[in-house]
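Here is the structure we will look at.
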Amino acid sequence: MSDLEQRVSAGWSRMGSMLVREGRSHELPETGTFVNAPVSRGSTVLFPTLEAMNRTDGRSHAHKAVYGAMGSPIQHQLEEMLSLIEGGTHTQVVNSGLAACTMPLLAFLGCGDHLLLPDSVYGPTRRFAGTMLQRLGVVTTYYPPMASRAEIAALIRPETKVLFAESPGSHTFEVQDVPMLAEVAHEAGALLMLDNTWGIGVFQPFVHGVDVSIQALTKYPAGHSDVIMGSVTVNDEAHWKTLRDAAIQLGQCAGPDDCWLTLRGLRTMGVRLAHQARSALEIAQWLKTRPEVARVLHPALQDCPGHEFWKRDFTGACGLFGVELQPDISIEATERMIDGLSLFGIGASWGGYESLVLPTTGHIRRVTGEGGPTSATFRLHIGLEGVEDLKTDLARGLDGLQF
């Protein structure tokens with residue numbers, strides 16, 4: 001195994017014990033107990049006296065049972081585990097990855113405030129900023145994801161309250177200089193929010209200056225393509241109070257069954273991701289040798305934008321990356337190739353056990369004029385299938401492309 005192959009999976013090897021042990025009760029009654037916590041379903045929480053119920057006011061911020069919409073016992077166990085993985089103090093679980101992006105923006109922004117978004121941001125986050133936030137009086141400016149310190153600082157306004165990052169970028173996989181962004185944001189009195197879904201477990205957001213870290217738990221934590229859920233983690237008590245109050249007021253919670261499935265998925269996430277990261281790197285390196293391929297956008301490869309920041313700040317990688325074909329390969333030929341693949345499902349999500357392909361041509365918007373592809377592109381998520389089988393499937397499709 002090469003040094004790079006070891007690097008992309010090393011972070012997960014160090015997390016295995018924590019993923020197995022934490023978020024569980026290790027106090028065993030004389031009668032014994034199950035390994036996995038039971039699911040508690042409920043809405044009303046009963047109290048023995050009015051005095052006991054009236055003492056619950058502060059408990060709404062303390063991951064305790066108050067009312068079903070404020071969280072269940074299994075949700076609180078999941079939140080504890082996610083705080084450990086992300087390196088924060090408190091986590092709020094929400095009902096989707098998109099809610100994890102939008103809810104903190106609503107919590108920390110108000111009319112007249114200014115938001116800075118990377119031009120590589122997840123499409124639905126961009127749409128939310130241009131519709132609902134705009135209607136609420138929040139002004140959004142887009143910045144090139146690889147912008148320098150001076151370029152970012154020049155966009156800061158007195159009313160800038162949030163600098164948002166997504167690293168790597170959606171579809172185009174630019175790795176951002178997060179510590180630099182944190183310094184610029186904090187010098188201006190703004191918060192740095194990060195969509196850390198790609199980097200779960202291999203990028204420690206709060207070590208690098210992030211204030212609010214966002215996860216789509218739909219991806220690797222749940223891991224089996226059967227859960228929709230998100231989370232938001234903070235490392236500051238004042239930020240937690242603001243975030244938690246917003247979650248309560250917006251009615252944000254997650255069903256106990258989905259929380260249980262996600263907590264179960266986390267137990268095996270380390271071994272799944274270590275395997276998928278190695279497989280993805282091998283396939284990415286192989287794709288670079290193919291004449292049909294112009295660029296492979298994998299953060300662990302030297303020619304991916306921001307590779308130096310990945311090498312400096314990340315302890316591993318995951319199984320998602322992008323491919324840009326040669327300019328003389330048509331979009332129609334690319335679509336025929338994708339339709340002909342047998343081991344890659346065509347789907348918009350990722351992070352499950354199965355391999356996926358998604359054409360991204362025409363779905364990458366840029367307003368700054370930087371980073372957009374000039375030819376046909378697609379995104380691959382590498383699952384748990386055999387690497388050689390996946391290569392054979394891709395080779396058959398690439399061989400059939402007509403220049």
Report yes if some heavy atom in the side chain of I329 is under 4.5 Å from a heavy atom in the side chain of S375; otherwise report no. no
Run the salt bridge (charged side-chain N to carboxylate O under 4.0 Å, His left out) test against R127 and tell me which residues pass, sequence neighbours left out. none
Check: residues 337-345 side-chain donor-acceptor pairs under 3.5 Å, at least two apart:
| residue | atom | partner | partner atom | Å |
| --- | --- | --- | --- | --- |
| S342 | OG | D393 | OD1 | 3.2 |

Does R379 make a cation-pi contact with F173 (under 6.0 Å, within 45 degrees of the axis)? no
How many angstroms lie between CD in E166 and OG1 in T125, if you round to the nearest 0.5 Å? 6.5 Å
So do the side chains of I156 and L116 get within less than 4.5 Å of each other, counting heavy atoms only? yes
Does some side-chain heavy atom of Q276 sit less than 4.5 Å from a side-chain heavy atom of C318? no
Carefully, step by step, assess H208 and F203 under the rule side chain to side chain contact (heavy atoms under 4.5 Å, CB included). CA-CA 9 Å; H208 295 98; F203 181 85; 3.6 Å; yes
Spacing of OG1 belonging to T102 relative to CE belonging to M132, to within rounding of 0.5 Å: 8.0 Å
Please report the shortest heavy-atom distance between S231 and A100, naming the atom on each side. O-CB, 3.5 Å
Does a side-chain heavy-atom distance below 4.5 Å link I382 with E282? no
Considering only residues two or more places apart or on different chains, which pairs with a residue in residues 300-312 satisfy side chain to side chain donor-acceptor pair (under 3.5 Å)? D177-R312, K288-D303
When you compare the side chain of T361 with that of T334, does any pair of heavy atoms fall below 4.5 Å? no
Answer with yes or no whether the side chains of T172 and E174 bring together a donor and an acceptor at under 3.5 Å. yes
Q215 vs T197 side-chain heavy atoms within contact, under 4.5 Å: yes
How far apart are the closest heavy atoms of D211 and F206, and which atoms are they? O-CE2, 3.5 Å
Salt bridge or not between D3 and R7? Use side-chain N to carboxylate O under 4.0 Å. no
Ring-plane angle category for W240 and H90, please: parallel below 30°, perpendicular beyond 60°, tilted otherwise. parallel
CA sep, side-chain torsions, deciding dist, call: S167, L194, side chain to side chain contact (heavy atoms under 4.5 Å, CB included): CA-CA 7 Å; S167 181; L194 171 69; 4.2 Å; yes
Reference residue S83; test side chain to side chain donor-acceptor pair (under 3.5 Å); the match among T233, N235, T91: T91
Closest approach of Q252 and A99, non-hydrogen atoms and distance? NE2-CB, 3.5 Å
Given side chains that start at C-beta, do those of T140 and Y142 come closer than 4.5 Å, heavy atoms only? yes
Got a second to check how far K219's NZ is from H381's NE2, nearest 0.5 Å? 9.5 Å
Using 30° and 60° as the class limits, which term best fits the ring planes of W198 and F314: parallel, tilted or perpendicular? perpendicular
Apply the side-chain contact (heavy atoms from CB on, under 4.5 Å) test between T262 and each candidate in V93, L217, I74; give the one that qualifies. L217
Starting from the C-alpha separation in whole Å, work towards a yes-or-no answer on side chain to side chain contact (heavy atoms under 4.5 Å, CB included) for L358 and L356. CA-CA 7 Å; L358 182 71; L356 295 170; over 6 Å; no
Identify the residue among P73, S72, P256 that makes a side-chain contact (heavy atoms from CB on, under 4.5 Å) with V39. P256
Heavy-atom distance under 4.5 Å between the side chains of V138 and L105, does that happen here? no
